[in-house]
Amino acid sequence: VQLQASGGGLVQAGGSLTLSCSASGRTSSDYAMAWFRQAPGKEREFVGGVTWSGGYTTVADSVKGRFTISRDNDKNTVYLLMNSLRTEDTAVYYCAAGDSIEYDYRRYDYWGQGTQVTVSS
C-alpha cells in the first residue's frame with residue numbers, strides 16, 4: 001500500500017485544516033488507518049484512527065472535540081478534519097495503515113510521507 005498525505009499548511013490559531021491521505025496499491029479498505037504527528041524533538045504520537053469499515057473511530061484526548069477522522073473507501077482516502085487549531089498542534093502529520101488501530105506507531109506497516117501543519121499565534 002502506498003500512502004500520500006496532503007492538505008497541510010500554515011494557519012492561524014483557531015483556524016481549520018483538512019488533511020487527506022490517498023491510498024493506492026493493495027486494497028486500502030483492508031486496513032485500519034491512522035494519523036500520527038511528530039513535533040521537533042518529540043516522539044511520534046497518535047492523533048486518531050479509523051477501522052477498515054469506518055464504523056469505529058477514535059482520537060487522542062489532546063484533540064478530542066476538535067479533530068475528526070473519517071474515511072471514504074470508494075475514494076481510497078482518509079481524512080483528518082482539524083478545527084480550533086492551537087499552536088501546540090504544529091507538527092508533521094503522517095498517515096499510516098495497519099491491521100488494526102494501534103496507539104504505538106511501531107505497529108503500523110505502511111506510512112505516508114508526512115505533511116507539515118504550522119499553527120501561528
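Around CG of D99, the count of heavy atoms belonging to other residues, nucleotides or ligands within 6.0 Å does not exceed 12.
Of the possible polar contacts, none joining the S62 side chain to the A60 backbone as a donor-acceptor pair under 3.5 Å is found. In this structure a side-chain-to-backbone donor-acceptor pair under 3.5 Å is missing from Y108 to I101.
Taking the six-membered ring where the residue is Trp, the centroids of Y31 and Y110 are separated by under 6.0 Å. Taking the six-membered ring wherever Trp is involved, the centroid distance between the rings of Y103 and F46 falls below 6.0 Å.
Once rounded to the nearest 0.5 Å, the distance linking OG1 of T18 with CG of L81 reads 4.5 Å. Rounding to the nearest 0.5 Å places NZ of K75 at 10.0 Å from OG of S22. Separating the CZ atom in R66 from the OG atom in S84 is a distance of 7.0 Å, to the nearest 0.5 Å. Taken to the nearest 0.5 Å, the NZ atom of K64 stands 4.5 Å off from the CG atom of D61.
Relative to the ring axis of W111, R44 places its NZ or CZ within 45° and under 6.0 Å from the centre.
In this structure, the side chains of L10 and S120 come closer than 4.5 Å at one or more pairs of heavy atoms. In this structure the side chain of L19 reaches within 4.5 angstrom of the side chain of M82, judged on heavy atoms.
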**OP:** I would like to know whether Q113 and Q4 meet side-chain contact (heavy atoms from CB on, under 4.5 Å); could you show each step before the answer?
**Re:** CA-CA 6 Å; Q113 84 288 2; Q4 179 77 33; 3.2 Å; yes
Subject >> Test salt bridge (Lys or Arg N to Asp or Glu O under 4.0 Å) applied to D89 and R86, step by step >> reply: CA-CA 5 Å; D89 295 319; R86 304 169 181 170; 5.4 Å; no
Original post:
When you look at L17 and V117, which way does the side-chain contact (heavy atoms from CB on, under 4.5 Å) test go after all the steps?
Top reply: CA-CA 9 Å; L17 278 175; V117 172; 3.9 Å; yes
Original post:
Can you list the steps and then say if S16 with N83 is a side chain to side chain donor-acceptor pair (under 3.5 Å)?
Top reply: CA-CA 4 Å; S16 299; N83 292 321; 2.8 Å; yes
**OP:** Could you please spell out the steps behind the side-chain contact (heavy atoms from CB on, under 4.5 Å) verdict for Y105 and Q38?
**Re:** CA-CA 11 Å; Y105 68 91; Q38 189 166 20; over 6 Å; no
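The minimum heavy-atom distance between C95 and A5, with the atom names listed, is SG-CB, 4.1 Å. Nearest heavy atoms, L3 versus M33: CD2-CE, 3.8 Å. Taking both residues in full, the closest heavy atoms of V92 and G114 are given as CG1-CA, 3.8 Å, listed atom of the first, atom of the second, then distance. Contact record, V63 with V47: CG2-O, 3.7 Å, taken as the closest heavy-atom pair. Shown here for C21 and W35, the closest heavy-atom pair between the two residues is CB-CZ2, 3.6 Å.
In summary, the side chains of Q116 and T118 do present a donor paired with an acceptor at a separation below 3.5 Å, with no hydrogens or angles considered. A donor atom on one side chain and an acceptor atom on the other are not found under 3.5 Å apart for T90 and E88.
Of the candidates T77, D72, N76, D74 forms a side chain to side chain contact (heavy atoms under 4.5 Å, CB included) with just one, namely D72.
Classified by interplanar angle (parallel below 30°, tilted 30° to 60°, perpendicular above 60°), the ring pair F67/Y93 is tilted.
Grouping the Ile, Leu, Val, Met, Phe, Trp and Tyr side chains by contacts below 4.5 angstrom, directly or via other members, places Y94 apart from L85.
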